[in-house]
Amino acid sequence: MILTGGLLLALVGTLVLTYAVAISASKDDKDAGASAEPTPTLPAIEATVESTQTPTPVPTPPPTPTTAPSPAAGITAESAYALDSQTGAALVALRADERRPMASLTKMVSALVVARAIDDGVVALDDPVLIEQSDVVDAEVFSHMGLIAGDTVTVEQLLDGMLIPSGNDAAKALARYVGSRLPGGGDDPGGAFVAAMNGVVADLGLHDTSFGNPDGEDDASNYSTAHDLAVIGSQVMRSALLAGIVSTPQVTLTSGGPEQRSYELFNTNQLLGQPGVDGVKTGTTAGAGACLVASVNLADGRNVVVVVLGSAPDPADQTGDPTDWPRFADARAILAQIDSSE
């Protein structure tokens with residue numbers, strides 16, 4: 001097609017005008033962008049939109065002990081601990097991992113060794129045990145059930161005598177009799193029994209507890225912590241046999257020998273009989289002070305094991321009977337703190 005000169009000139013003009021308008025519009029857009037506030041950067045959509053997928057279930061970890069506030073002000077104990085025995089949670093803690101002498105709290109593990117020997121068929125509750133002179137203790141110095149050489153009592157009666165009045169004589173007799181039937185006990189019954197005690201705490205995973213004797217006399221190799229003793233106390237209360245004994249306030253026993261002697265036993269745990277208290281053990285020596293492990297069933301259904309170690313009055317006033325030292329008041333103060341924190 002042939003265009004005339006005038007028509008061609010008009011067409012070129014139109015194209016030039018259109019191109020100029022386009023260039024001008026492009027320049028205006030760039031200028032406007034340079035003078036405006038920068039647009040804020042928005043977060044990624046994934047971060048602002050909830051996922052519609054069902055999350056993968058995460059297994060609930062087992063409960064672990066937690067550090068809790070120190071006990072209520074005014075307690076005399078050097079170390080203390082309160083354990084929720086169902087969850088393993090620490091409810092109260094005061095120097096709970098500090099190794100200390102534990103006095104007759106030792107007998108809780110002696111009892112666990114005997115209970116294990118009974119379960120394994122090594123000994124029986126009605127086994128008769130003839131008391132030897134080596135079992136007898138000085139009644140003016142040590143707690144006792146009143147044994148004398150020549151008495152014949154059963155394993156069950158010795159358990160009562162060890163756990164209710166905290167008899168050192170009963171602990172010695174059990175260690176000798178049961179230990180003689182444990183591996184390696186033929187030559188050294190006492191050593192075999194103590195080895196079994198250390199085996200019990202090793203099985204429980206307790207690394208700050210050690211035993212050198214079955215009755216808790218002060219000994220450099222006999223120590224534990226408030227935390228470990230709470231775990232041990234909880235184990236005692238899991239044994240139907242032992243829980244029944246440590247909850248007994250008083251019992252009268254009769255020996256099986258020809259003399260038929262009677263033993264009147266009273267529990268040293270003064271908290272028994274108070275609401276919810278069903279165990280577990282006391283202990284007192286010069287090195288350990290006054291000690292206590294108490295099992296308490298709270299009104300909300302929880303079981304709490306309270307440990308008090310090294311409870312004593314003012315050092316300037318330690319006269320009188322150490323069984324009256326305020327370990328029981330300390331335990332009550334700890335329980336009151338637990339109640340007030342709920």
Side-chain angles (χ1 to χ4, degrees), residues 60-106 108-109 112 200-211 216 222-238 246 269-271 274 276-285 287-313 325-342:
T60 302
T64 56
T66 57
T67 301
S70 297
I75 74 164
T76 68
E78 294 291 332
S79 180
Y81 193 75
L83 172 75
D84 184 319
S85 61
Q86 277 80 36
T87 67
L91 304 178
V92 170
L94 172 66
R95 294 187 287 274
D97 295 320
E98 179 180 284
R99 293 180 177 181
R100 295 186 52 81
M102 59 183 139
S104 288
L105 302 184
T106 296
M108 294 191 297
V109 176
L112 288 171
V200 166
V201 292
D203 290 345
L204 293 174
L206 305 178
H207 305 294
D208 290 310
T209 298
S210 171
F211 299 101
N222 216 76
Y223 57 82
S224 188
T225 67
H227 166 269
D228 285 7
L229 288 165
V231 175
I232 291 167
S234 180
Q235 287 298 311
V236 169
M237 298 309 295
R238 283 186 167 90
V246 299
N269 183 359
Q270 296 177 15
L271 291 183
Q274 298 187 16
V277 179
D278 59 357
V280 51
K281 189 73 188 71
T282 63
T284 307
T285 64
C291 305
L292 171 69
V293 176
S295 170
V296 185
N297 298 301
L298 302 182
D300 61 9
R302 291 180 298 165
N303 174 263
V304 175
V305 177
V306 176
V307 179
V308 173
L309 301 180
S311 178
W325 291 358
R327 54 184 160 188
F328 303 110
D330 286 348
R332 293 187 193 98
I334 292 170
L335 289 169
Q337 175 170 321
I338 293 171
D339 287 339
S340 65
S341 65
E342 296 303 315

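Quantities reported herein were computed from a predicted structural model and do not represent experimental measurements.
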Derivation and outcome, side-chain contact (heavy atoms from CB on, under 4.5 Å), residues K281 and V246
CA-CA 7 Å; K281 189 73 188 71; V246 299; 5.7 Å; no
Go through L83 and L91 one step at a time and tell me if the side-chain contact (heavy atoms from CB on, under 4.5 Å) criterion holds.
CA-CA 6 Å; L83 172 75; L91 304 178; over 6 Å; no
What do the steps show when you test F328 against N269 for side-chain contact (heavy atoms from CB on, under 4.5 Å), and what is the final call?
CA-CA 8 Å; F328 303 110; N269 183 359; 3.7 Å; yes
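Taking CD from E98 and OG from S224, the interatomic distance works out to 12.0 Å, rounded to the nearest 0.5 Å. The CE atom of M102 sits 9.0 Å away from the OH atom of Y223 when rounded to the nearest 0.5 Å. Of the inter-residue distances, the one linking L112 atom CG with L204 atom CG reads 7.5 Å to the nearest 0.5 angstrom. From R332, atom CZ reaches atom CG of D339 across 13.5 Å, with rounding to the nearest 0.5 Å. Interatomic distance, CG of L206 versus CD1 of I232, reported as 5.5 Å (0.5 Å rounding).
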Under 3.5 Å, which donor-acceptor pairs do the side chains of residues 292-299 form with other protein atoms, sequence neighbours left out?
unit_1, atom_1, unit_2, atom_2, d
S295, OG, D278, OD1, 2.6
S295, OG, N303, ND2, 3.1
N297, OD1, N303, ND2, 3.0
N297, ND2, G276, O, 3.4
N297, ND2, D278, OD2, 3.1

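Contact check for V109 versus F211: side-chain heavy atoms found under the 4.5 Å cut-off. The shortest distance between side-chain heavy atoms of V200 and Q235 does not fall below 4.5 Å. Between R327 and T284, the closest side-chain pair of non-hydrogen atoms falls below 4.5 Å. For the pair L105/L309, a side-chain contact is recorded, criterion being any heavy-atom separation below 4.5 Å from C-beta on. Using a 4.5 Å heavy-atom threshold, the side chains of V231 and L229 count as separate. The side-chain heavy atoms of I338 and R302, taken from C-beta on, include a pair separated by under 4.5 Å.
Not counting sequence neighbours, the partners of D208 by the side-chain contact (heavy atoms from CB on, under 4.5 Å) test are R99, T225, D228. Looking at residues two or more places apart in sequence or on another chain, you find no side chain to side chain donor-acceptor pair (under 3.5 Å) involving S210.
D330 places no side-chain N or O within 3.5 Å of a backbone atom of I75 that could act as its donor or acceptor partner. Side chain of S311 to backbone of A290: no donor-acceptor contact under 3.5 angstrom is found.
Annotation for A331 and V308: closest pair N-CG2, 4.1 Å, computed over non-hydrogen atoms. Considering all non-hydrogen atoms of both residues, A312 and P326 come closest at C-CD, 4.1 Å. I334 and A82 get closest at one heavy-atom pair: CG2-CB, 4.0 Å. Contact detail for S79 and R95: the closest heavy-atom pair is OG-O, 2.7 Å. Of all heavy-atom pairs between A103 and T285, the closest is CB-CG2, 3.7 Å. Between A226 and A80, the closest heavy-atom pair is CB-C, 3.8 Å.
No side-chain donor-acceptor contact under 3.5 Å links S85 and S234.
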